[in-house]
Amino acid sequence: MKVVSKTEGRLLALLQGIVSRAVIGQLLPLATAKEPGFTGFSGDGLALIADTLRVGMVSLLAREGGWRSGRQIRGEAVVSGRLWQRDAPRDLGIAFGPQTLAFLTWLAGGRPNDGGRPLQLELGQLTIGDKLLLFLTYEAFRETDVGQSLAGRMPFYKHELIWLFYPDDLAPSKYEPVLDFTPWVTSPGSLVIEVWEDRLARRWAEVEAEKPGIRLPASMRELCTAQQRILSAWLDAAEQYGRRDLARWYLRTLSHVATADAKSTDWTGNLHTNNLRLAERTELYQLALVLMQHADRLAAWEIAARGVGYFDEGYETSKLWKADWSRYEGDQLVARARELLRAATPLSSDTIREINS
Amino acid sequence: MSRAYRIEVSETLHRVIKAEDCVSTQLELLGLLPREQMQGLLAAELERRGFQQEDGVLVKRQGTIAITIDPVSGTVTASNEEECALERKRKKAGHAYNDTGPSRDDAERKLRDELQQELESEVEDCNQKLQQKVTETLEKALAGAREEIDQVVNRVTADALKIKAGQMGHIKSLSEDAETGSLTIVVEV
């Protein structure tokens, strides 16, 4: 039987709660308890932490989308099946490093919402597992003052996954991140994105649904500039590493928001723009439709995919992209996206719309 | 016993304030004919409507509003620019505790700074009012600009269709409804 200290017990309960998505009411008391004087983990404590992460993360990823059968790119090939069927076991490992222990040690001191307690982690040494834990911790607490405090700290406000999922949380920080999504479009980080594709599409649709409620031009500009940066960086990374399948979430988001009855004023109708010049208003309206602005890039991928012949390299991966494009009616999405952008310009010609419809 | 001495400063301000606003869009013509030919038709139609050539673009002005169309890139810009000469002369009174000396100079300097800030604030108010006027004037002009652009696109498209039809065969009949803008061409191939 393993024996741990009271603080270790609290941390283990907190860690278990984070990976099992416990309700915030259970997590907050565990996170904010004041227990100074923690000197380090015992052997039993470390073993239990390892067990919790090993079992908890596998269960979380399986539960939250890994169970779904999907088709994903692996090099030049396309593999299908559930998460654990698409790769050999040796390729499914997500490693946690010393930074996880450093983070847990910091949590042991309690009061993570105390801005005065520095959190010192070696950014360059964060593994995918470490980043995943930081992300899950932020996600668990994001609607509390603990989450707000975390968002203002390194490495959280530089965390690519937090920017990807929660641009609306970090945009007001005015920090301009240099986003390198390489860890998340290459293995093993890409496995997480494969699992969470559905979540990511829904999250971005939620962010779009928040925009009609934005009144201040500065707030809209902050959010949409962050989205612009994220989308560009994500599509660049997906293209560079031959993982266009990891942009599927964006295609799905577009299909959800660029509907046949969508109007550009759906995004900007409540903006207080009376004191803005027309030029500034137009720029803001276009920026609000940031999601539509990258549709042409996906259209270019489709054109490239159509040009790949049976005997060419990349035929299977091109076929997958074409199948996804067809499934989400990509041509119609692009047409609607262009129309929404055009309608957001005060000078747009009605005639052009009629001709092209 | 200390006395308060009345001091007075005056400032004059001459400023020319400018405000401008603009919106742009892309004119997308159907590629019925080669690009240069479409551009030529567009330029000809714009000149027919009173647009003037200025540094490679075509411009039509109505008061302070300018509609600029670049026939090569297809960029249409509606802009408005106004300026206004401001002249203000203001005085401000205050008090100093000495008739001469550093404390009087300080009091004068402070009073002058306050007066300058008030004048700058007035300039900023005028700036905002002028900007609002420029933007509202441009907004009102947009409906007319949109209508004109639509008519240009219709006309150029119709002209291009006629030329294309002529290239395909012999035009047997051609009818145009000026009201609806519809064009019917019968071509014998």
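Chain letters run A, B, ... following the sequence lines, proteins first, then strands; residues in each count from 1. Predicted, not measured: the structure shown is a model, and the values here were computed from it.
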Hey, is CD on Gln167(B) packed in by over 12 heavy atoms from elsewhere, all under 6.0 Å?
-> yes
Does CZ belonging to Arg88(B) count more than 12 external heavy atoms closer than 6.0 Å?
-> yes
Other residues, nucleotides, ligands: >12 heavy atoms within 6.0 Å of Asp55(B) CG | no
In this structure, are over 12 heavy atoms from other groups packed under 6.0 Å from Asn275(A) atom CG?
-> no
Anything in residues 8-24 of chain B with a heavy-atom distance to chain A below 4.5 Å? Please list those residues in order.
-> Glu20(B), Asp21(B), Cys22(B), Val23(B), Ser24(B)
Any ion pair linking Glu139(B) and Arg277(A) (charged N to carboxylate O, less than 4.0 Å)?
-> no
Under 6.0 Å from the NZ atom of Lys60(B), do we count more than 12 heavy atoms belonging to anything else shown?
-> yes
Minimal non-hydrogen separation, Leu347(A) against Ala145(B), with atom names = CD2-CB, 4.0 Å
When rounded to the nearest 0.5 angstrom, what distance separates OG1 in Thr345(A) from CD in Gln26(B)?
-> 9.5 Å
Kindly indicate whether the side chain of Leu276(A), heavy atoms from C-beta on, has any atom under 4.5 Å from the side chain of Thr135(B).
-> no
Kindly check if the number of other-residue, nucleotide or ligand heavy atoms within 6.0 Å of CD (Glu54(B)) is above 12?
-> yes
Would you mind listing every ring pair (Phe, Tyr, Trp, His ring centres under 6.0 Å) that reaches into residues 266-298 of chain A, with sequence neighbours excluded?
-> none
Distance col, row Asn274(A):CG vs Gln132(B):CD, nearest 0.5 angstrom, shows 8.0 Å
